[in-house]
Amino acid sequence: MEMASLLRLVALSLLLAVATPVRDITDACSSQVKAADFPHLNGSGLHLTLHHPRSPCSPAPLPADLPFSAVLTHDDSLASVPLGPGTSVGVGNYVTRMGLGTPAKSYVMVVDTGSSLTWLQCSPCVVSCHRQAGPVFNPKASSSYASVSCSAPQCSDLTSATLNPAACSRSNVCVYQASYGDSSFSVGYLSKDTVTLGSGSMPNFYYGCGQDNEGLFGRSAGLIGLARNKLSLLYQLAPSLGYSFSYCLPTSSSSSGYLSIGSYNPGQYAYTPMASSSLDDSLYFIKMTGITVAGRPLSVSKSAYSSLPTIIDSGTVITRLPTGVYSALSKAVAAAMKGTPSAPAFSILDTCFQGQASQVRAPAVSMAFAGGAVLKLAARNLLVDVDSATTCLAFAPARSAAIIGNTQQQTFSVVYDVKSNKIGFAAGGCS
């Protein structure tokens, strides 16, 4: 079914208002939530705690019975779809908390640098809502809630924010559709309300009030978009906090990381310029210039690294490289680890070894970018444990675009300075 037809069909379902019951679930770690888990503001900006979805105390954990192979299949479906109308790069898998409404209530949200529109599930969930941690947002319980009309400029802005055209309900309310490469989607009403982040709040925050939300969003209430678009959280907060944000993505075994919006310490980072691309000007592109294994450059031409555009994304698990670069990296790592018994391929990962990343002797691998920025990968950034006895190279061949995924970014502090058009890296970010 064509996307436009789907949008019309779902919009019609919204108007029919056939309610579906929603089941809330209890946060398994609610007794352990600390004040630090909630957003706070200080003189240097906004600070939020980030959790890995497989962390024991993530406020919205992935289902315990979800195998890692399913995560990889989901990751591959996101990375394999060419960028264009109706798709986004990914659905981020790190979560934080956001307050919404008057009085404000806290919701667990996925954070994604590859998406623009922020949305969350809203009652009455006219078509469908997935199970989430905590109660579903009720617009009727917020005195500051308002739907957005079809004639509002923000309704027209949806096309660039979601890469899908907006629709209009019979009551003149703007209808959005945010769709993702794995066929996950959210459809609902464009709305505005007061967003609360720590001790500060901002009225008239534009977001999607989802009435049909289907796919692998875990147990989050919705998604926070941080891409370069006027409807993203970053751009809506920019007049007061500025056009920059930074994060440290924690590992599954560490307690937490952070997301900061606002000023940062520029001296601690090595920078690479943001690159431009005709694929999607809301995404964050950079230029990769080289990879070394045990101090030796891969046996590929320098032009191989730029044969595809490269995106840095918080929502993609496994890094994708141009095919020639990936093949050279796989061979170089396998040669450097020839003393470690190999293991069969696992899902999309074809370079695997017996053991765990913390136990095997992995080579030093560095990824270099234009401007001199370098990511020096520890074993936890190079390899990913797929089960209790197997670890695999956390890279795969790219199709339409190379992607720097979140496994390689874990424990680094990464800053996106949109105003200065640069991205910076610093080691030891979560400590």
Side-chain angles (χ1 to χ4, degrees), residues 22-30 33 37-39 48-66 70-71 74-75 78 88-101 104-123 125 127-138 162 176 178-188 191 193 195-197 205 207-227 232-233 247 249-250 252 256-259 313-317 406:
V22 180
R23 294 175 297 169
D24 297 332
I25 65 170
T26 302
D27 182 349
C29 286
S30 58
V33 172
D37 286 332
F38 292 88
L48 304 92
T49 299
L50 282 181
H51 293 276
H52 192 288
R54 290 185 176 269
S55 170
C57 283
S58 169
L62 291 174
D65 58 351
L66 182 69
V71 175
H74 168 66
D75 197 60
L78 290 169
S88 271
V89 166
V91 177
N93 60 3
Y94 284 83
V95 296
T96 191
R97 293 179 184 269
M98 181 185 80
L100 188 69
K105 293 186 178 180
S106 178
Y107 299 93
V108 180
M109 305 284 284
V110 163
V111 174
D112 189 20
T113 59
S115 298
S116 296
L117 182 69
T118 296
W119 62 265
L120 83 168
Q121 303 195 116
C122 293
S123 63
C125 293
V127 180
S128 176
C129 280
H130 58 262
R131 294 179 67 201
Q132 71 173 60
V136 172
F137 177 68
N138 181 4
T162 66
Y176 76 90
S179 54
Y180 306 93
D182 66 337
S183 298
S184 299
F185 64 87
S186 173
V187 179
S191 307
D193 208 332
V195 62
T196 300
L197 300 163
F205 173 69
Y207 66 98
C209 202
Q211 299 294 330
D212 187 8
N213 317 287
E214 302 181 37
L216 288 177
F217 300 112
R219 292 175 175 174
S220 66
L223 181 146
I224 292 175
L226 290 172
S232 74
L233 177 70
Y247 58 63
L249 305 179
S252 60
S256 62
Y258 68 84
L259 168 67
D313 180 49
S314 68
T316 301
V317 179
N406 59 39

- Message: Just checking Tyr94 against His52, ring centres under 6.0 Å apart?
- Response: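 Ring centroids of Tyr94 and His52 are less than 6.0 Å from each other.
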When rounded to the nearest 0.5 angstrom, what distance separates [atom1] in [X] from [atom2] in [Y]?
| X | Y | atom1 | atom2 | answer |
| --- | --- | --- | --- | --- |
| Cys209 | Tyr176 | SG | OH | 7.0 Å |
| Gln211 | Cys125 | CD | SG | 6.0 Å |
| Ser314 | Leu259 | OG | CG | 9.0 Å |
| Leu197 | Met98 | CG | CE | 7.5 Å |
| Asn213 | Ser128 | CG | OG | 7.0 Å |
| Leu50 | Ser58 | CG | OG | 10.5 Å |

Which atom names give the shortest non-hydrogen contact between [X] and [Y], and what distance separates them?
| X | Y | value |
| --- | --- | --- |
| Thr49 | Ser256 | CG2-CB, 3.5 Å |
| Val195 | Leu100 | CA-CD1, 4.2 Å |
| Tyr107 | Ala221 | CB-CB, 4.0 Å |
| Cys122 | Val136 | C-CG1, 3.6 Å |

Going by heavy atoms in the side chains, are [X] and [Y] under 4.5 Å from each other?
| X | Y | result |
| --- | --- | --- |
| Tyr247 | Leu226 | no |
| Leu120 | Met109 | yes |
| Asp313 | Asp112 | yes |
| Phe137 | Gln121 | no |
| Arg131 | Arg219 | yes |
| Pro59 | Arg97 | yes |
| Val317 | Asn406 | yes |
| Leu233 | Tyr207 | no |

- Query: In terms of side-chain heavy atoms, does Ser186 have a donor or acceptor partner in Tyr180 at a distance below 3.5 Å?
  - Reply: no
- Message: Please check: side-chain N/O of Ser232 versus main-chain N/O of Ala227, any donor-acceptor pairing under 3.5 Å?
- Response: yes
- Message: Looking at Ser106 and Gly99, would you say the former's side chain and the latter's main chain have a donor-acceptor pair under 3.5 Å?
- Response: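 A pair under 3.5 Å: no.
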